[in-house]
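Note that these values count all heavy atoms, side chains included, but never hydrogens, waters or copies made by symmetry.
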Amino acid sequence: LNETAVLKENPTKIIIGIDGTNSMQKTFDELIKQLKLIMTRIKDLQKNNMNGSFMVQIVVYRNYNSGEKAFLASEFQKDL
């Protein structure tokens, strides 16, 4: 198998961790800008170098007293 085929079969998994506690509320607008930039860069890598080689998951930490919902996670996404 060539390198591209191996990457398609075994994609790099990227997990983006976000502090979703109330104290971070005032930085949320900047977070959205940065997430858009990250996703754009990943898409560029997929198009230009390694098509289909990345999967992204977003994980948010809420408050310690949120019980089972203290951590919220998306599924890994390949098509950004």
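When hydrophobic clusters are built by joining Ile, Leu, Val, Met, Phe, Trp and Tyr residues whose side-chain heavy atoms come closer than 4.5 Å, directly or via intermediates, Leu37 is not grouped with Val56.
Within the 4.5 Å cutoff, side-chain heavy atoms of Leu45 are placed close to those of Phe54.
Around CD of Glu30, the count of heavy atoms belonging to other residues, nucleotides or ligands within 6.0 Å exceeds 12.
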Listed pairs under 3.5 Å, donor-acceptor, residues 17-24 side chains, sequence neighbours left out:
unit_1: Asp19; atom_1: OD1; unit_2: Thr21; atom_2: N; d: 2.9
unit_1: Asp19; atom_1: OD1; unit_2: Thr21; atom_2: OG1; d: 2.6
unit_1: Thr21; atom_1: OG1; unit_2: Ser23; atom_2: OG; d: 3.2

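Not a single side-chain hydrogen bond (donor to acceptor under 3.5 Å, both in side chains) links Gln57 to another residue, sequence neighbours left out.
Between the CD atom of Gln34 and the CE atom of Met39 there is a distance of 12.5 Å, given to the nearest 0.5 Å. Put simply, CE on Met55 and CD1 on Ile15 are 11.0 Å apart, with the number rounded to the nearest 0.5 Å. Note: Lys36 NZ to Leu31 CG = 11.0 Å, rounded to the nearest 0.5 Å. Atom CD1 of Ile16 and atom CD1 of Ile38 lie 4.5 Å apart (nearest 0.5 Å).
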Which is it for Phe71 and Val59 under the side chain to side chain contact (heavy atoms under 4.5 Å, CB included) test, yes or no, and what are the steps along the way? CA-CA 7 Å; Phe71 284 96; Val59 178; 4.1 Å; yes

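Of all non-hydrogen atoms in Lys69 and Arg62, the two that sit nearest each other are O-CG, 3.2 Å. For Phe76 against Ile14, the heavy-atom pair with the smallest separation is CE2-O, 3.9 Å.
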